[in-house]
Amino acid sequence: MLLGFLVVIAIAIVRLRNLVAVIMLTGIYSLHAALFFVALDAVDVAFTEAAVGAGISTVLMLATLGLVGHEESRPSSRAWLPLAVVLVTGGALVFATLDMPRFGDPDAPIHRHVAPRYIIDSPRETGLPNMVTSVLASYRGYDTLGETVVIFTAGVGVLLLLGGRRRDDEEQE
Amino acid sequence: MALSLYNYWIVIVLMMTGFYIVIRSTNLVKKIVGLNIFQTSVFILYISMGKVEGGTAPIVTDGATAYSNPLPHVLILTAIVVGVATTALGLTLVVRIKEAYGSVDEEAIQRQDREA
Amino acid sequence: MTHHVVLRVVAKLIIPLILLFALYVQFHGDYGPGGGFQAGVIFSAALILYALVFGLDSAQRAVPTTAVRVLMALGVLLYGGVGITSMLLGGNFLEYDVFAAEPAAGQHLGILLVELGVGITVSTTMLAIFYAFAGRRAAR
């Protein structure tokens, strides 16, 4: 049901040419995705998606629009080529899903390898009831360190590109 | 059988919608919106795979018999935040392109490049 | 900006609550849903709301740009430092068991510190990005 809403919003985003409306819809889309994550037991993920998607990224996109203008011009080329590419790719992916395990199947390969180890042993080994936190910070600490560095690097990149430093230097001179 | 794969099909529809926006739209901001939709569809794919029937959220509670797989949650949790950081980087590039070319329309930028 | 009285009063009421909630999410992430990533994002959302309602200048007076940049790096350093400390104490990189006599207690401490590092980096990076965008607009 929620997924249906997501599709409707995504198609509305394709059709709209006013970018402010597009970005508002993106925020709503994120909020719906967050609700869907709650329905699938991913509470931590839903939390993040709601704060990031509906909060921060909407603000950043609006700030960008304030700098670049908010009307999209009509593309001059025809729509059939992109549409054909998308339909062929989508068809191939649907064909690929036929091999996927049933939704919610407890015996799917993804649930048989490391997940039982985390679920059974992590409360004892780390003393924490929230498995997501213990996997995030302890078992997969290297990954998380990498992700943190990526965020840091992206932040540094933004600062360099938008020349915050240069303006500071001018003020000092 | 048909309904059991419904989630994955919706993911594909969303993914292709995002893909369509990326290749069809000439506006750079809208391309980034398309990438975001694509990205969210991947998140939904992962979380759908992590769901276990009759399971509950992966936080130890009394009386729970099965938990959903915590691993996809961890991966996607970090991916969302990394995603917003990289989106911000992309938007920064758009702002710089606007300042350099006076436009965020792909066709106008290419026209200027050809003339130069 | 001055005439949005309702907005200002409501913002004044809820911003402290958002900040408090962010801290709760940060330090209660071990037991309920939450953790460094979520807390960082919520924390920066509160500060961005403050900047939107009261203007960029007053936000930058409250949280200076320099402090934001230093904290950005400090969060990553805290994370890496936890790893190095565990190596110095004789464990592997990011092996928290060595922090306390009991492995579970060490794990708890390590996770708490690492999550704090993540929270600091995420919140200040988001804030730095917002400052960069908003400052660009003010400069034009």
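Chain A is the first sequence line, chain B the second, and so forth, proteins listed ahead of strands; every chain is numbered from 1.
The environment of A:Arg17 atom CZ is dense: over 12 non-hydrogen atoms of other residues, nucleotides or ligands sit within 6.0 angstrom. Atom OH of A:Tyr118 has more than 12 neighbouring heavy atoms from other residues, nucleotides or ligands inside a 6.0 Å radius.
With a threshold of 4.5 angstrom between heavy atoms, A:Ala33 approaches chain B through side-chain atoms but not through N, CA, C or O. Only the side chain of B:Ile12 comes within contact range of chain A, with heavy atoms under 4.5 Å apart. For A:Ile120, no part sits under 4.5 Å from any heavy atom of chain B, backbone or side chain. At a 4.5 Å heavy-atom cutoff, the contact between A:Pro101 and chain B is made by backbone atoms alone. Using a 4.5 Å cut-off between heavy atoms, B:Leu14 contacts chain A through its side chain alone, with no backbone atom that close. For B:Ile21, the part sitting under 4.5 Å from any heavy atom of chain A is the side chain, from C-beta outward, and nothing else. Neither the backbone nor the side chain of B:Ser103 has a heavy atom closer than 4.5 Å to any heavy atom of chain A. Both the backbone and the side chain of A:Leu93 come within contact range of chain B, each with at least one heavy atom under 4.5 Å from a heavy atom of that chain. If you measure heavy-atom distances from B:Thr56 to chain A, the contacts under 4.5 Å come from the backbone alone. For a residue to count as touching a neighbouring chain, one of its non-hydrogen atoms must lie under 4.5 Å from one of that chain's; by this rule A:Val94 touches chain B with backbone and side chain alike. Heavy-atom distances place the side chain of A:Val114, and not its backbone, under 4.5 Å from chain B. Within the 4.5 angstrom heavy-atom criterion, only side-chain atoms of B:Val104, from C-beta onward, approach chain A. Only the side chain of A:Thr26 comes within less than 4.5 Å of a heavy atom in chain B; its backbone stays farther off.
Listed options A:Leu25, A:Leu19, A:Leu40, A:Asp105 were ranked by heavy-atom pairs under 4.5 angstrom with chain B; first place goes to A:Leu40. Highest contact tally toward chain A, considering only B:Pro72, B:Pro58, B:Ala66, B:Ser25, is held by B:Pro58 [criterion: heavy-atom pairs under 4.5 Å]. For the set B:Leu75, B:Leu93, B:Val94, B:Thr78, the entry with the most heavy-atom pairs within less than 4.5 Å of chain A is B:Thr78. Chosen from A:Ala42, A:Ala115, A:Gly53, the residue pairing most often with chain B at heavy-atom distances under 4.5 Å is A:Ala42. When each of B:Asn36, B:Val81, B:Leu28 is checked for heavy-atom pairs under 4.5 Å with chain A, B:Val81 comes out on top. Annotation: maximal heavy-atom pairing with chain A below 4.5 Å, among B:Thr17, B:Ile47, B:Val84, occurs at B:Ile47. For chain A, the option among B:Ala85, B:Ser68, B:Ala57 with the highest count of heavy-atom pairs below 4.5 Å is B:Ala57. Comparing B:Asp105, B:Val11, B:Leu91 by how many heavy-atom pairs each has under 4.5 Å with chain A, the most go to B:Leu91.
Distance check: B:Tyr67 OH to A:His111 NE2 gives 15.5 Å after rounding to the nearest 0.5 Å. How far CE of B:Met16 is from CG of A:Leu87: 9.5 Å, rounded to the nearest 0.5 Å. To the nearest 0.5 Å, atom OG1 of residue B:Thr92 and atom CG of residue A:Leu162 are 5.0 Å apart. Considering CG of B:Leu89 and CG of A:Leu160, their distance stands at 9.5 Å, rounded to 0.5 Å. With rounding to the nearest 0.5 Å, the separation of CG in A:Leu81 from CD1 in B:Ile23 is 7.5 Å. Here the OG1-CH2 distance, from A:Thr97 to B:Trp9, works out to 6.0 Å after rounding to the nearest 0.5 Å.
Taking both residues in full, the closest heavy atoms of B:Val95 and A:Val68 are given as CA-CG1, 4.2 Å, listed atom of the first, atom of the second, then distance. Minimum interatomic distance between A:Glu147 and B:Val82 (heavy atoms only, all atoms of both residues): OE1-CG2, 3.1 Å. Across all non-hydrogen atoms, the minimal contact from A:Met131 to B:Val60 is CE-CG2, 4.0 Å. In terms of heavy atoms, B:Glu53 sits closest to A:Phe103 at OE2-O, 3.9 Å. Looking at every heavy atom in both residues, A:Arg140 comes nearest to B:Leu71 through NE-CD1, 3.3 Å. For the pair B:Tyr6 and A:Gly4, the tightest heavy-atom approach, listed with the atom from each and the gap, is OH-N, 4.3 Å.
Side chain of B:Lys30 to main chain of A:Ile13: a donor-acceptor pair is present (N/O by atom type, distance under 3.5 Å, no hydrogens or angles). No donor-acceptor pair closer than 3.5 Å links the side chain of B:Arg24 to the backbone N or O of A:Leu83. Although no hydrogens or angles enter the test, the distance criterion places a donor-acceptor pair under 3.5 Å between the side chain of B:Asn69 and the main chain of A:Ile110.
At least one side-chain heavy atom of A:Leu6 sits under 4.5 Å from a side-chain heavy atom of B:Ile44. Between A:Val45 and B:Phe43, the closest side-chain pair of non-hydrogen atoms is not below 4.5 Å. Residues A:Val85 and B:Phe19 form a side-chain contact, since some pair of their non-hydrogen atoms from C-beta on lies under 4.5 Å apart. Taking 4.5 Å as the limit, some side-chain heavy atom of A:Ile119 sits within range of a side-chain heavy atom of B:Pro70.
Scanning residues 56-64 of chain A against chain B with a 4.5 Å heavy-atom cutoff picks out A:Ile56, A:Ser57, A:Leu60, A:Met61, A:Thr64, ordered by number.
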Taking it one step at a time, do A:Phe36 and B:Ser48 satisfy side-chain contact (heavy atoms from CB on, under 4.5 Å)? CA-CA 10 Å; A:Phe36 179 67; B:Ser48 301; 4.2 Å; yes
